[in-house]
Amino acid sequence: MSRFWPRRKDDHMPSRSGRWARVAPLLALVVVVTLLAGCGPEVNQPYSTISPQNPKTDDIQRLYQIIFWASLVVFVGVQLAIVYVVLRFRRRSDERPAQVHGSRTLEIAWTVIPAVILILLFIPTARVVFDHAAAAQSDEGFHVNVIAKQWWWEITYPNIPASESDPSKGPLVTANEMLVPVGSDVIVSLEGNNVMHSFWVPQLSGKLDVMPGHVNRLHFEAARVGDYFGECAEYCGAAHAWMRFKVKIVPQEEFDAWVAAWRTPPADQNPDTPDVVDVPTAFGACLACHRVNGTTAQVAGQGMTAISGYRDADGKIVPGPGPNLTLVGCRDTIAAGLLKNTPENMETWLKHTDEVKEGVYMPNYYKQGLTDEQVTEIVNYLEGLKPAEGCPGAGLPVGSEVDPASVGVIPPGAVATPVP
Ligand code: CUA
């Protein structure tokens with residue numbers, strides 16, 4: 001005992017730091033085991049990187065497993081070697097041990113063995129990286145263009161016209177929730193128009209940077225019906241943490257119904273809902289940045305035409321083109337995945353915009369003079385932007401079993417938890 005613990009005067013017990021040194025590794029082991037036990041697929045967290053939901057993420061999962069087991073073998077080997085050396089060469093007498101300088105055999109061994117391990121890990125990793133990149137270059141498949149903005153996602157379907165009869169209306173555009181038909185090979189073309197972002201849906205694909213002025217492409221299989229959560233994975237400014245989105249994999253007929261509903265002007269799909277037929281006057285200001293299909297005012301920019309908002313030389317916020325609000329009543333979330341889409345949260349969002357999402361470029365018009373009645377009118381209008389018979393795809397089983405608690409619900413009037 002005395003050999004290991006520095007002895008204090010008149011004290012045969014180990015010192016406090018000595019006791020900690022003995023307990024700390026045990027505690028660390030307990031923590032690691034507990035954490036590992038908590039990340040099994042049973043828990044199925046929506047942002048988990050180890051609950052793959054298609055062949056693409058199965059490939060990635062297999063790489064994790066290879067690297068995990070290789071690391072475990074190395075870890076155990078190194079620990080055993082340390083324990084052996086500590087016991088075998090512990091001090092037995094006051095005699096000075098033989099002094100050795102260098103060992104060519106050892107040095108070659110501890111250079112060659114790690115190099116071989118790294119090469120063995122590199123081969124399957126490179127194969128997956130190149131296979132995935134090649135699959136994303138195909139012209140076949142279901143194409144979606146995504147433009148990352150501060151701090152939301154504009155989603156365009158280049159092969160689906162916004163209007164069947166009028167090609168000048170361009171492609172169908174939505175925001176923050178990407179619907180795709182089950183069974184399709186989805187190819188996402190990613191582009192940014194101001195800063196760098198990163199597109200990541202952990203259960204469906206790897207992570208890919210979104211660059212201004214350069215298109216990156218990503219491929220994933222829409223294998224199982226369900227909701228899959230994604231988020232921006234590259235720090236991109238104040239509201240980076242609130243730049244979430246969803247991929248909703250739905251049956252083909254639900255997807256077709258969604259496209260048909262998107263193309264139907266609100267007044268036609270809700271002929272008995274006065275809130276929707278008569279666009280509230282106060283909503284006019286919103287149309288400078290937002291579009292609603294079927295509304296005559298279509299002035300707001302889309303695509304790469306303008307940035308999503310900026311601060312001018314005096315630091316004043318200048319709003320830019322915002323999310324396309326067609327069918328917004330059917331979205332699960334608002335404010336880029338930050339709040340559940342309920343009338344209460346929509347009201348909170350309109351009244352506390354900049355408190356709920358710090359840095360946001362949408363002005364708080366309530367603070368600038370909208371009345372409570374006008375806010376209610378806008379809330380009713382927006383929540384009414386959905387087919388009278390209900391939303392396509394609503395009530396489908398959630399494939400990734402998303403924990404509802406992972407989407408915030410903020411009571412009216414309350415303020416969102418500040419981002420730490
Ligand atoms: Cu966009 Cu982080």
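On a predicted model such as this, the values are computed, not experimentally measured, just so you know. Every number for a ligand or one of its atoms is a count from 1 in the order of the listing. Position 1 is the first residue of the sequence, and the numbers go up from there.
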Identify, with sequence neighbours excluded, every residue that meets salt bridge (Lys or Arg N to Asp or Glu O under 4.0 Å) alongside Asp354.
Lys367

Between His214 and Asn216, is any side-chain donor less than 3.5 angstrom from a side-chain acceptor?
yes

Please tell me whether Asn364 and Gln368 have a donor and an acceptor in their side chains that are separated by less than 3.5 angstrom.
no

List for me each residue that meets side-chain hydrogen bond (donor to acceptor under 3.5 Å, both in side chains) alongside Glu253, sequence neighbours excluded, and say none if there are none.
none

Closer than 2.8 Å to atom 2 (Cu) of ligand 1: how many protein N, O or S atoms are there?
4

Should the pair Asp59-Arg62 be classified as a salt bridge under the 4.0 Å nitrogen-to-oxygen rule?
yes

Test: side chain to side chain donor-acceptor pair (under 3.5 Å). Region: residues 166-183. Which pairs qualify, not counting sequence neighbours?
Asp166-Ser168, Thr174-Arg331, Glu177-Thr333

